[in-house]
Amino acid sequence: MPFKIVILWTDALIYLLVVVVLLLAWHVRRHEHLAAPWRKVARSPGGLAAAALLALFVVIGLADSVHYRPSVAVKDGKTVYAVEVLSLLDAIAAPLRARKEKTYSAPLATRLFAKETIELPGGGQARDYPRLKHGGAHLEQPEEQWASDIARRALWGAAAGVVLWLVLAILLCALLARRAGADVDEIWRAIWRGETEVPWRAVLVTLAVVLVAGMPLLALAAKYHVFGTDKVGQDVFYQSLKSIRTGLVIGTLTTLVMLPFALLLGVMAGYFKGWVDDAIQYLYTTLSSIPGVLLIAAAVLMMQVYIETHPELFDTVTARADLRLLFLCVILGITSWTGLARLLRGEALKLREMEYIQAAHAFGVSHWRILTRHILPNVMHIVLIAVVMDFSGLVLAEAVLSYVGVGVDPSTISFGTMINSARLEMARDPMVWWSLAAAFCFMLLMVLSANLFADAVRDAFDPRIRTARPFRLAAQKA
Amino acid sequence: MIAYIIRRLLYAIPILIGVNVITFTLFFVVNSPDDMARVHLGVKRVTPEAIRKWKEERGYDKALLYNGAAAGAQAFTDTIFYEKSVKLFAFEFGRSDQGRDIGYDIGNRMWASLAIALPVFLLGLAAYLTFALLMAFFRATYVDFWGVVACVMMMSISGLFYIIGGQYLVGKLLNLVPISGYDGGANALKFLVLPVIIGVVSGIGASTRWYRTIFLEEISKDYVRTARAKGLSELRVLFRHVLANAMIPILTGVVVVIPLLFMGSLVTEAFFGIPGLGSYTIDAINSQDFAVVRAMVFLGSVLYIVGLIVTDISYTWVDPRVRFE
Amino acid sequence: MSPERPLLSVRDLRTWLDAGDAIVRAVDRVSFDVRRGETFALVGESGCGKSMTALSIMRLLPDAGGIVGGSVELDGQDLLQMPESGMRDVRGRRIGMIFQEPALSLNPVMTAGEQVAEALRRHTPLEGGALAARVRELLEAVRIPDAARRKDEYPFQLSGGMKQRVMIAMALACDPELLVADEPTTALDVTIQAQVLDVLRELQKTRRMSLMLITHDLGVVSGMAHRVAVMYAGEIVETASRDAFFARPAHPYSRKLFDSLPSGSKRDGALAVIRGSVPALTREFTGCRFADRCDSAWELCRKSVPGLYDAGNGQIARCHLYAPGADKSEKWGQSRISERDSSMQSQKIDSDPIFPDPIFPITSNESLLLVKDLKVHFPVHGGLLKRVVARVRAVDGVSLEIEAGRTLGLVGESGCGKTTVGKGILRLVEPTGGQVVFNGSDLAHLSRAALRPMRKHFQIIFQDPYASLNPRMRVLETLEEGMAALGLGEGREARQARVDALLAEVGLDPEVKFRYPHEFSGGQRQRIAIARALSVEPRLIICDEPTSALDVSVQAQILNLLKALQRKKGLAYLFISHNISVIEFLAHEVAVMYLGRIVEHGHVDEVLRAPRHPYTRALLSAVPVLDRTTKREVIRLQGELPSPVSPPAGCHFHPRCPDAFERCGQAYPDSARFTASHTAACHLYPMV
């Protein structure tokens, strides 16, 4: 075998999450009353555009969650595998990963950021900005060819983006047309007039922006470091792509690990009341009275000690970093489950007095059945809202924690570690700004789309807070 | 009402004990003092002798919970649990792993933390409430719509970027105030301006949106319609009726953090080099000073619990239903 | 029409609501006048647009609503054209408004006096002592006892009736020309309702103010109004003077409303029902909106929208029957119009298929369930350590006997403990003392496991059709739950067949079993809830106000169904209600509860026709009646229901009792027996 599949702890949980989400989606599709609020989400242009963008991040994150160790040699009929654990994304973006420079270089640069003493071809030495090993290495005369080369590649990329977009858009129209039994042309016009029930226009616009901005990026990335390189010469674009998985893992697995506790304890406290309620309330009040950052700092410190004193438990650096990431999720989960548990307790308190639950009691239905059949299904919307609302907060928290030094392992690439290492160069003049800029852009895109999506979900699932649309009635009046 | 407050105070005791037990478990049970010593001395070359000495210097060489060797009450008092955890209740924080007096450091540094955190808190509250009231006033118009869009944008940006951006813009580009550093007395002002402004700005998105939701929820209630039916102006309805009722949920979230202001902000203080409790904690984390982190965890919890009690008391001020219980 | 200009003149008012998915035309070209000094009642069932009409007049619509067209003239001035600032001078000054939910309509963190003073400060130059004096005067005018003290209290310290009085005082603070009262007494008990209506009536008379009264209760209309307008599906379908309307309602919908009201005189038959349900207001109408539910509709009704036609007697009806030139005798039968004289008349429908010959003889005096001295006390925690400092004596020694196949009506005002009796019997709340004897075993003391097999004999139907079905469960699962829990029905298929039969029994298509509750109307949900109760073949069903959340027309359907099921299956009902006429229609026996105890018990005719206990008498006399011609003895109770935490010493009722004497304050009276069935606990009847 040329490689050995490695399933890290977080990978396994991500697969589990994917399976759960797929099962839920299948279940929801089959039940009209469950599907109805999702249809409402699908009708919100902002939510749908955000979902499209999030989907892109998820695809990248999933590609980065299939890990393997390539074989390096065959010894005594046994394959020896590399210590390094790679992912599918690493394989796809192999050129980005492999093309390391010596140190900092600016975005799209052809030369290093700092002057160095270089050997001149004709002997002798000079202090100059040396050429990069990979960035723009194909240019003979970088000073003259650079601008036109960049422009040409960017344009080609944009053109490819437009073509790709057109193909996708027409495919979509054809699909919709087939389903509706209408002309492709008709559907096309309906989409652009915003007359379709699902606001496809928003999706197409998002897609257009992503493709037209993203394709030139890819085209340039083939020959340049589009976001420059960092201190050890690693491509910042590659780092940004790798950070996506870390953000997604923190944002999703944290809720996944805390959900069972929050759900069970919160619902039980509200349903049983009495001493069960007192005990659970005591538990979460105590936990939540330790300020989150401090509890995380303390727990992570302790974990560091544990990892350092038990090095024999981890066979690769990646496995160690991965366990630390998982542990961060767990400890973040412990600090954040109390809020959801409190919400669920309140809801269960309300539900237990509902007449349909009283009716179940009148039949002598067992507590367990009442909890699972009556209470749980009726609090799921709260859980869902909490999960999507928490996501963006957790992604942001990761950056701060990593910055403080109690976040992910320093060898794990994340937005936090990117900012942390770039910050040290803030004082440089001229500034090394590209790592920060890349982290900023990617993080903003991810968090913003998560926030917009969360808003759409909340609007659809929580009828209490609904934003009135004043513009519609005014239009009717005229 | 007095019974109410006393009950709240009594309720805090078991929580404090719980917090204490959790921190003890975290710091002394998860890893043994031997492990801590090993990490401090460097994992590779440590001798049992060095470990023993390290532990002895810091008082970690005692029994955890019960000292079988000691007699009488000493069996319980001459233990790590008593020396390191129970004494926290008397705010005896002991010495840091580097040997400094933690209590003295805290007393010294908390004022710098407060000098940033308090203005951020007060200015922020005023600003966010104003914005939120404005958006509630213009609800269901484009002002509100774009206000929400701006809030979502602002809350999607990591706090770190506000600091970095602010430092770059104000400090480096415009050269208005120093980027970082601190000084006592009146000189502190020029060092405080930037972190305070950034602290306020970075909270605008999330807080304004949160207050706006509270206001809108109140506005949709029946009594607001009654107030309008009296012929009151929208502004008067907003201030006299909506704000007064919204104070109840607002206080829940706001009052609880007031005591925590002493703790300062980890990130802000680290970035601006403010010698407060936040940077104290960060330094302790980076140098793996367990004693300091433990003290800060306990102090933070105590302040939080104080916040909970103050919140409960503040209800009596805005909510007659609590006042007349 | 009088030559005098009406005070309020609404023309072609159209108000739309944005419901998210669709536009709801809540008010659709509504026109009416309110004259000076008159009470104008706007009547209709829920969702007909009457509240939206009122809010449109005040321009206080919710954010999602908007007035799309029409005019609202107050003394010749169009309110809809006014700038908002001008409108603010009208609100509270020229038009006052009272809302439905006194509990929600007052600012919870402001004292009652301050809320009244605020209105005065806004529109009058009063200040300081004069202002305080005026506030007190107003609170006294709405008969708030001890006004000087009450003005400094917060809404949560006031009872519902008091809150509504504060609302009235606030609305009347600046002597408005028009008072708009939106269901002002719907949330109140009958005795309190009577007090509040008296206040309104008196103030309206002394101040010569116009009153626009919005209500669904024809009894309230009869006692208050000078003129009446009936709304249906966003339109006014009939306007008439009160006398003409109650003597002969013109529109078929109005007639049906009267016919579907339950009463004692209709107890031997079924109530008339309006089939179907109110159409959704999101669609455009091409014909009469009532056509699909109307017994006298013909093709024209579905094709063309009827105008407002003169129906004689000064009545105007939106019905093709009254179109000039319409051949009434053929389509409607002129005779039937004049035949109908009073809603009080009994309607025997012998041929109605839902009433087959009773299979079970309803005169069997077989005792099914015996409740002996049932007590349900709830602890009140307080003090430093939240210890039990007091007990709410929700049910304090109630004894009842329920006979097989009969209905026992349990009547009382909210807070008297009647619902707790029902739940205590079923052990949905744990009884504190007493016995519930069934088949020789005491249900109140069985273990949870031992009680389980007994549960199939007793079931319960609740008040709120929206809360009584789990929104996440299909009808099938809802109906199966009880059978599965109690081990009834052999296997899934047998159970499914039984579900089909149950649905048919309650008048629903078996196909609906695959649907979720949100697809059903309130009445249909209540049918499903009845089917669920029937699924385990109980012998007793406790009906806890099963129709009080429903409109009268739907209520009639449910009452008919319950009655038919009783005859068919020999079910016994414990029917808990505050609505006397429903009890009168359905019950065989009646027990009247006051503050946790039963004060009078007997056959329905004995208790409701010849009440002995002063409370029963007062309760009955407070019920608004349609017929204003027969003079009744009017007993107005003072004060309100005391707290069940510390009931008054002696007879609980004595502080409010008009006949109380010394003894009443000293000892709780024993039951006096008047006939074999009729008893009352009152010192007026010292018995051996």
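Sequence lines set the chain letters: A, B, ... in the order given, protein chains first and strands last, and positions in each chain run from 1. Worth knowing before you read on, the calculation uses all heavy atoms, side chains too, and leaves out hydrogens, waters and symmetry mates.
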* Looking only at heavy atoms, what is the nearest atom pair of B:M153 and A:L448, with distance? -> SD-CD2, 3.4 Å

* Less than 4.5 Å apart, any side-chain heavy atom of A:L294 and any of B:V293? -> no

* Asked: Rounded to the nearest 0.5 Å, how far does CG of A:N451 lie from CZ of B:R209?
  -> 6.5 Å

* Asked: chain B: which of A:L295, A:L301, A:V395, A:L396 shares the most heavy-atom pairs with it under 4.5 Å?
  -> A:L301

* Flag the one option from A:G416, A:S288, A:G405 with the top tally of heavy-atom pairs under 4.5 Å to chain B. => A:S288

* Pairs of heavy atoms under 4.5 Å with chain A: top-ranked of B:I164, B:N286, B:V148, B:V21 -> B:I164

* A:Q304 side, atom CD; B:I285 side, atom CD1 - distance, nearest 0.5 Å -> 9.5 Å

* Should the pair A:Y403 and B:F271 be assigned to parallel (<30°), tilted (30 to 60°) or perpendicular (>60°) ring geometry? -> parallel

* Leading residue by heavy atom contact count with chain A [cutoff under 4.5 Å; candidates B:A270, B:G300, B:A284, B:G159] -> B:G300

* To do: Tell me, for A:A397 versus chain B, whether the close heavy atoms (under 4.5 Å) come from the side chain, the backbone, both or neither.
  => neither

* Asked: Any side-chain heavy atom of A:T285 sitting closer than 4.5 Å to one from B:Y11?
  -> yes

* **Side chain / backbone / both / neither for B:L308 at chain A, heavy atoms under 4.5 Å** => side chain

* **From CG (A:L283) to CD1 (B:I15), nearest 0.5 Å** => 11.0 Å

* Can you find a heavy atom in the side chain of B:F161 that is under 4.5 Å from one in the side chain of A:L444? -> no

* **Separation between CD1 of B:I22 and OG1 of A:T286, rounded to the nearest 0.5 Å** => 6.0 Å

* Taking side chain as C-beta onward, heavy atoms only, is B:S158 less than 4.5 Å from A:F415? -> no

* To do: Working to the nearest 0.5 Å, report the span between CG of B:L303 and OG of A:S289.
  => 11.5 Å

* Structure fact -> Closest heavy-atom pair, B:F27 versus A:A298, reported as atoms and distance to 0.1 Å, is CZ-CB, 3.6 Å

* What part of B:I282 lies closer than 4.5 angstrom to a heavy atom of chain A: side chain, backbone, both or neither? -> side chain

* To do: Can you measure from CD1 (A:I419) to CD1 (B:I163) and round to the nearest 0.5 angstrom?
  => 10.5 Å

* **Region of A:V293 in contact with chain B, defined by heavy-atom distances below 4.5 Å** => side chain

* With a 4.5 angstrom heavy-atom cut-off, which part of A:L436 approaches chain B: side chain, backbone, both or neither? -> both

